[in-house]
Protein chains: 2
Amino acid sequence: MTARPQRADAARNRRLLLAAAADEFAEHGLDASVADIATRAGVGKGTVFRHFATKDDLIAAILIDRMAELSALGERLLAAADAEAALREFLTAAARQRQERDLSFLAAASESIPEVTAARQRMLDAVDALVGRARDLGVLRPDVTGADVFLLMCAPNYIAGYVPDASPDLWRRYLALILDGLRPEAARPLPAEAPYLS
Amino acid sequence: MTARPQRADAARNRRLLLAAAADEFAEHGLDASVADIATRAGVGKGTVFRHFATKDDLIAAILIDRMAELSALGERLLAAADAEAALREFLTAAARQRQERDLSFLAAASESIPEVTAARQRMLDAVDALVGRARDLGVLRPDVTGADVFLLMCAPNYIAGYVPDASPDLWRRYLALILDGLRPEAARPLPAEAPYLS
DNA sequence: CACTAAGCGGACCGCGCGGTCAACTTGGTA
DNA sequence: TACCAAGTTGACCGCGCGGTCCGCTTAGTG
């Protein structure tokens with residue numbers, strides 16, 4: 001019943017593949033080919049499909065890893081003393097992760113894979129908790145929700161990404177601008193209801 | 001020397017093709033195939049390439065049309081009495097255009113085509129003027145530039161686009177949030193320099 | 001050390017893409 | 001109306017993709 005554990009070389013190749021794929025996607029977008037990923041990892045193309053049934057499965061595995069990383073950070077930050085700083089730190093970490101390797105376009109390719117949805121939900125829960133705490137303490141305007149912040153999270157890199165030879169820190173500027181809009185001082189009534197996320 | 005003018009049916013087909021291509025790209029993203037575009041326009045595939053040498057040229061033509069539309073609006077709004085309302089109206093129009101048909105992904109595909117760069121520059125100039133006026137009147141924080149606003153312009157739809165079954169007005173929420181961050185009241189010092197665009 | 005199943009590699013397949021071309025049709029002109 | 005350059009068409013081409021498959025290699029075991 002209990003299957004034999006994975007062989008050592010197979011485990012190593014799986015790790016190599018995930019890293020190579022992340023790099024290759026970051027460089028060439030969704031069009032990065034499976035063959036190139038295999039070459040970069042130093043394995044044959046067949047090996048890719050032994051570990052990941054389809055290209056979409058490979059994408060999903062990458063996304064799950066990255067989201068889990070952020071979720072863990074968010075959960076840790078819930079214990080921090082300063083709620084505002086905790087939220088800012090979380091958003092900064094998310095933006096930094098994406099600055100290093102922008103893989104946001106992968107998200108669209110693997111909707112509907114349950115493990116991805118679950119990882120996403122865990123991250124949303126973490127954000128929700130961080131936001132709730134900050135809002136209760138009055139450092140966040142009362143009309144923004146966890147879902148709002150979850151969505152805004154990706155914006156700073158997106159904005160900075162339009163600048164061809166941008167400073168690698170440009171996203172900080174737009175993160176700061178967005179955070180200024182989230183504070184109670186500047187709040188004017190918001191049109192449209194806050195969205196409900198899965 | 002003066003070439004004979006384009007035939008009437010050719011001009012009609014060109015218009016049909018641009019419309020069909022915009023629809024097809026909006027529905028299927030960059031992967032929309034030239035063959036499908038031709039079918040949708042009711043012409044043969046060869047006709048597409050008679051009007052647009054490559055797929056990228058077709059994309060460029062679409063982008064130029066859309067940007068020209070916004071540029072004209074921006075230039076008109078410079079004469080408006082209320083500078084803050086003018087800027088808000090411009091950003092609203094830009095977001096509405098993109099809400100109807102999101103073609104933002106096309107921008108990356110046709111960098112480096114001079115006509116696209118020129119159309120983009122004209123739009124940037126219009127935004128710059130609108131922003132300058134609003135800033136001088138004190139309704140915008142002094143540390144944001146035209147380039148900042150130009151970049152932020154695309155963010156509300158991007159953010160709302162992550163919500164699967166979003167209200168078609170959700171972008172208004174995030175546009176309002178961003179505008180709140182642009183007002184002087186909430187301003188805290190911004191990290192990173194403002195970017196310089198083209 | 002011998003055995004075996006897990007793992008590996010890369011030639012191979014079918015497909016759909018962007019782009020070409022030569023035979024055909026048609027709008028505009030004199 | 002007769003003419004022809006401009007315009008149209010869809011079969012066709014080569015390519016690179018995701019995915020398959022089977023003969024070979026190798027890690028782990030008794």
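The figures here come from the full heavy-atom set of this structure, side chains too, leaving out hydrogens, waters and symmetry mates. Here is how names work: the chains are called A, B, and so on, in the same order as the sequence lines, proteins then strands, and each is numbered from 1.
Proximity note for Gln6(B) (side chain, C-beta onward) versus dG7(D), dT8(D), dG19(D): the nearest is dG7(D). Nearest nucleotide to the side chain of Lys45(B), out of dT20(C), dT9(D), dG18(D): dT20(C).
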Exercise answer: donor-acceptor pairs, residues 57-67 of chain A side-chain atoms, under 3.5 Å, sequence neighbours excluded:
residue	atom	partner	partner atom	Å
Arg66(A)	NH1	Arg101(A)	O	3.4
Arg66(A)	NH2	Gln97(A)	O	3.2
Arg66(A)	NH2	Arg101(A)	O	3.0

Could you list the donor-acceptor pairs under 3.5 angstrom formed by side chains in residues 42-49 of chain B, with sequence neighbours left out?
none

Distance-only check: which donor-acceptor pairs under 3.5 Å involve side-chain atoms of residues 183-197 of chain B, not counting sequence neighbours?
residue	atom	partner	partner atom	Å
Arg183(B)	NH2	Asp180(B)	OD1	2.1
Tyr196(B)	OH	Ser198(B)	O	3.3

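Looking at residues two or more places apart in sequence or on another chain, you find a ring-ring contact (aromatic ring centres under 6.0 Å, His included) between Tyr158(B) and Tyr158(A), Tyr162(B). Listed by chain and residue number, nothing satisfies the salt bridge (charged side-chain N to carboxylate O under 4.0 Å, His left out) test with Asp82(A) (two or more places apart in sequence, or in another chain). In this structure Arg88(B) satisfies the salt bridge (charged side-chain N to carboxylate O under 4.0 Å, His left out) test with no other residue, sequence neighbours excluded. Residues that satisfy the side-chain contact (heavy atoms from CB on, under 4.5 Å) test with Ala10(A), not counting sequence neighbours, are Gln6(A), Arg7(A), His51(A). By the side-chain contact (heavy atoms from CB on, under 4.5 Å) test, Arg96(A) pairs with Thr92(A), Glu100(A), Trp171(A), Arg172(A), sequence neighbours left out.
Residues from residues 103-113 of chain B that place a heavy atom under 4.0 Å from any atom of DNA chain D: there are none. Taken residue by residue, residues 48-59 of chain A places heavy atoms nearer than 4.0 Å to DNA chain D at Phe49(A), Thr54(A), Lys55(A). For DNA chain D, none of the residues of residues 28-41 of chain B falls under the heavy-atom distance limit of 4.0 Å.
For CD of Glu89(B), the number of neighbouring non-hydrogen atoms (other residues, nucleotides, ligands) closer than 6.0 Å is 12 at most. Environment of CD in Glu84(B): crowded, with over 12 heavy atoms of neighbouring residues, nucleotides or ligands closer than 6.0 Å.
Leu17(A) places a side-chain heavy atom less than 4.5 Å from the side chain of Ile37(A).
The distance between atom CZ of Arg12(A) and atom P of dG7(C), rounded to the nearest whole Å, is 13 Å.
In this structure, the side chain of Asn157(B) engages the main chain of Ala95(B) through a donor-acceptor pair within 3.5 Å.
Residues Leu177(A) and Arg141(B) come closest through the heavy atom pair CD1-NH1, 3.3 Å.
For the pair Ala8(B) and Gly46(B), nearest-nucleotide mapping onto DNA chain C gives the more 5' position to Gly46(B).
The shortest distance between the side-chain N/O atoms of Asn13(A) and the OP1/OP2 oxygens of dG7(C) is not below 4.0 Å.
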Could you pull out the protein-nucleic contacts involving nucleotides 22-26 of chain C (nitrogen or oxygen on both sides, under 3.5 Å)?
residue	atom	partner	partner atom	Å
dT26(C)	O2	Arg7(B)	NH1	3.3

